[in-house]
Amino acid sequence: MKFKFFISTIFFLLSLCIAKAGEGMWMPNLLKLLNEKDMKDAGLKISVDEIYSTNKSSLKDAICLFGGGCTAEVISDKGLILTNHHCGFDAVQQLSSITNDYIKNGYWAKNLAEEKPCAGLTVTFIVDIKEVTNEILIGVRDSTAEKVRMDLIKKNIENCESKAIAEFKLGAQVKSFFGGNKYYLFITETFKDIRLVGVPPSSIGKFGADGDNWMWPRHTGDFSIFRIYTNKDNKSSEYSSDNIPYTPKKSLTINLKDVKENDFTMVYGFPARTTEYLPNQAIDITKKISDPIKVEIRTKKLAIWDAAMRVNDTTRIQYAAKYASVANGWKKWQGEMKGLERLDAIEKRKNQELEIRNIESKTLDNNKTDMIFKRLESVYGNYRKYLKMRDLYSEAGLGVELISFCNSINNVLTKMSDTKLSQDEKLKESTKIINASKKFYKDFDSNIDAKVFDNIFYHLNDSIFDTGLSVEIKKLFNNNFPTSKDVFKQSVFINKKLAVPLLDSNLYKIDIIKSDIAFKLTKTLVDYYNKNISQQILSIENELNELNRAYIKIVIDAFKNKKFYPDANSTLRIAYGNVKPYNPRDGVKYNWYTTYKGILEKEDANNDDYTIHPQLKKLFLDKNFGKYADKNNDLRIAFIASNHTTGGNSGSPVLNAKGELIGTNFDRCWEGTMSDIMYDPEQCRNITLDIHYTLFVIDKFAGAGYLLNEMKIIN
Ligand code: ARG
Ligand code: GLU
């Protein structure tokens, strides 16, 4: 019996709870402690000090957070940075106009003077990482009530950050790890003068668009190039025409040798969010409630948008960005549900939990563990219902463009009613909403949105809301649940000319706004949600904070000898793995790289997403690949490997065993998107744009080969 238990525990250790080959988003400052041997075994050829060091320059000094949520890497000693096309897209869109359509045609600065400042864009480097758990938990005891604990921690974090800012004269941010069991301080340096250097046309940078998104085999040339500018002292500065290119502490060397199957690779970047340590009940909610609801409602909305975009070019342009963003999550969640199903993730987690409850170890207090597991069961039981309401509210309610726009107006009105707000601040709020409304109306078609309303809003008539919400809503419509006819036709907010003047702070026609039917409907919905749902969610989440922290601690304590990586939280991480094919389904094996031939195969002259620029096609047909050809005289486009990545890793450098740049991460394979919750070494693959294709496009297609002179390239 004892032996059997021993065996099953070992099996559990090996198969489930510990990081599997390829699994993990590791903290770079802990590589020495946790990963060096494992990385060497997997093929790493440099010391981990060369990856991360605070005493001397290391690879970390070439990696930056790009904008709000992507990664970029320095590729020249003059501050040139490489990221994804979809990461630079906002900046490119802002610089584009009908006459200078850089989205469609691409853009290449021929010299520094032609590099285009991107207002509002910043990049941030990590200077140092320090553990500050003790400092942040000062005054906190096991017995401290959760609310008091949170307040104390908030205060301690503020103190710690302001002390660091004063000491280092740089940015500082404390982040929580392992559910609040540990805290780390990040010293950061942010640059604010970032300029666009080059971007390929969308037919390259977005090739395959939403159809190919999350999919392998892939052929998207998803890259764009920017440059960091500083003042004359190489220090961060707002945009100035006197600014000069940044001299980085480190820039990456590019290696043009062919990548081979099983090669060691690592991805260095800023993954945003994962939840790998969820109790079984939480996985169950994601798989059976959240993902299906969001997918069902978005399917209806996207079908309506798609039909409208196909028959009208104006609509196609108006809805392109919105479509891409709504479809991105929609597609990923479908892959996630399937992946969780195939992995039998809920059962696996239940078994892990059962094993933990059976472990006899000095570090685990079994009574306490039992109590935590029992409380989790009951709290998640309650949470389930509220999360369903939250998803319905945000997808079926705020998912209607008109409702979500009225909600922003409602937020502004709430702010404006604050008597402490000065005239100046009011003016600012009003300017903000006027600008937001101009942007909104530019891409809004009320007929399309009315159709969306009729197809999704009725979900809020669901009995899950205990009829309370429907009763409130019906009161506005003679006791009927509304259709679009009752809302859209009667509202001034479907009409830009009538709506925008209402929002001018001097003329603020609050009475007209408040009596508008779309506004009234929105306010009824939002008020009901805030009163009956969001408060409850907040209080459940306070309790879950405590329980999840305890849960993660139990898992870690149960396996003292094992290594754990914290969930992604937009801090700098290293993932490492090997170049590998995979089997997406029975009888099918995917090769680990793609070539230009796939672009020719996918070509569809009738579909903008799959057209090939004539000049690119000629290069392909002539096999004019220059030094970017592989040993078979093919041009490689993308490859996959077992690195554990997520959103935020877009634009991250993919490095070889010597830390040299071999590509840019831009996506994950669909079958493995459940890796945000549970990683599977058989199915989880990150997708890398091969650096050969990037340099080929710059050099041969764009004729911007002069940029290559700045780069260190080895053949
Ligand atoms: N799936 C990638 C990511 O999550 C790319 C998204 C942009 N591309 C698109 N077709 N929507 O960010
Ligand atoms: N495209 C994603 C991003 O923008 C990366 C894909 C993923 O989630 O792994 O960060």
Side-chain angles (χ1 to χ4, degrees), residues 22-25 63-73 82-90 92-93 103 199-200 202-216 218-224 265 267-276 298 302 305-306 309 319-336 339 567-573 575 577 602 607-610 638 640-654 663-677 679-680 683-689:
E23 176 174 4
M25 300 171 179
I63 319 297
C64 53
L65 182 70
F66 181 89
C70 279
T71 305
E73 53 275 9
L82 173 64
T83 187
N84 288 151
H85 182 272
H86 77 264
C87 294
F89 195 73
D90 270 354
V92 175
Q93 185 173 33
I103 296 181
V199 59
S202 283
S203 62
I204 292 177
K206 247 190 114 170
F207 184 81
D210 289 305
D212 277 14
N213 191 22
W214 297 111
M215 304 300 256
W216 184 255
R218 191 64 161 277
H219 302 87
T220 315
D222 199 343
F223 80 94
S224 55
T265 57
V267 179
Y268 211 168
F270 293 87
R273 185 169 182 270
T274 56
T275 46
E276 310 284 345
R298 288 191 182 198
L302 289 169
W305 283 1
D306 181 60
M309 287 162 76
Y319 278 74
K322 286 189 267 197
Y323 190 98
S325 127
V326 172
N328 196 40
W330 168 79
K331 196 155 176 187
K332 188 190 114 168
W333 295 320
Q334 293 175 62
E336 182 171 272
D567 274 325
N569 57 358
S570 297
T571 60
L572 186 62
R573 302 294 177 90
K602 284 180 180 173
N607 183 344
D608 274 353
D609 296 345
Y610 295 94
I640 51 174
S642 60
N643 299 289
H644 191 179
T645 53
T646 190
N649 269 127
S650 273
S652 299
V654 179
T664 320
N665 185 74
F666 71 99
D667 212 356
R668 253 180 303 163
C669 295
W670 193 65
E671 294 80 4
T673 46
M674 72 298 182
S675 65
D676 288 348
I677 295 170
Y679 179 90
D680 176 8
Q683 295 277 336
C684 295
R685 299 289 178 267
N686 69 306
I687 307 181
T688 303
L689 168 63

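Both backbone and side-chain heavy atoms feed into the values below; hydrogens, waters and symmetry mates do not. When a ligand or atom number is given, it counts from 1 through the structure's own listing order.
With respect to atom 9 (O) of ligand 2, the closest heavy atom belonging to the protein is Arg668 NE, 2.7 Å. Protein heavy atom at the shortest distance from atom 4 (O) of ligand 2 is Ser650 OG, 2.4 Å.
With Lys602 as reference, Asp212 is the one residue of Asn607, Asp212, Asp609 to meet the side chain to side chain donor-acceptor pair (under 3.5 Å) rule. No option in Asn665, Thr645, Thr265 other than Asn665 meets the side chain to side chain donor-acceptor pair (under 3.5 Å) test with Asn686.
Counting heavy atoms under 4.0 Å from ligand 2, residue Trp214 touches it through the side chain alone.
Under 3.5 Å, the side chains of Thr571 and Arg573 contain a donor-acceptor pair of N or O atoms.
In this structure, the side chain of Ser642 does not engage the main chain of Arg685 through any donor-acceptor pair within 3.5 Å. Thr688 places no side-chain N or O within 3.5 Å of a backbone atom of Ala638 that could act as its donor or acceptor partner.
Using a 4.0 Å cut-off to heavy atoms of His86, the atoms of ligand 2 that qualify are 1 (N), 3 (C), 4 (O). Applying the 4.0 Å criterion to heavy atoms of Gly648 picks out, from ligand 2, the atoms 3 (C), 10 (O). Listed by number with element, the atoms of ligand 2 under 4.0 Å from a non-hydrogen atom of Asn649 are 10 (O).
Remark: Ser652 engages Thr71, Asn649 in a side chain to side chain donor-acceptor pair (under 3.5 Å) (not counting sequence neighbours). The ring-ring contact (aromatic ring centres under 6.0 Å, His included) check on His85 picks up Phe89, with sequence neighbours excluded. By the side chain to side chain donor-acceptor pair (under 3.5 Å) test, Trp670 is found to be paired with no residue, residues two or more places apart in sequence or in another chain being considered.
Among protein residues, His86, Ala209, Asp210, Asn213, Trp214, Ala324, Asn328, Phe666, Asp667 come within 4.0 Å of ligand 1, judged on heavy atoms.
For ligand 2, the polar-atom distance check against Phe666 finds a nitrogen or oxygen pair separated by under 3.5 Å.
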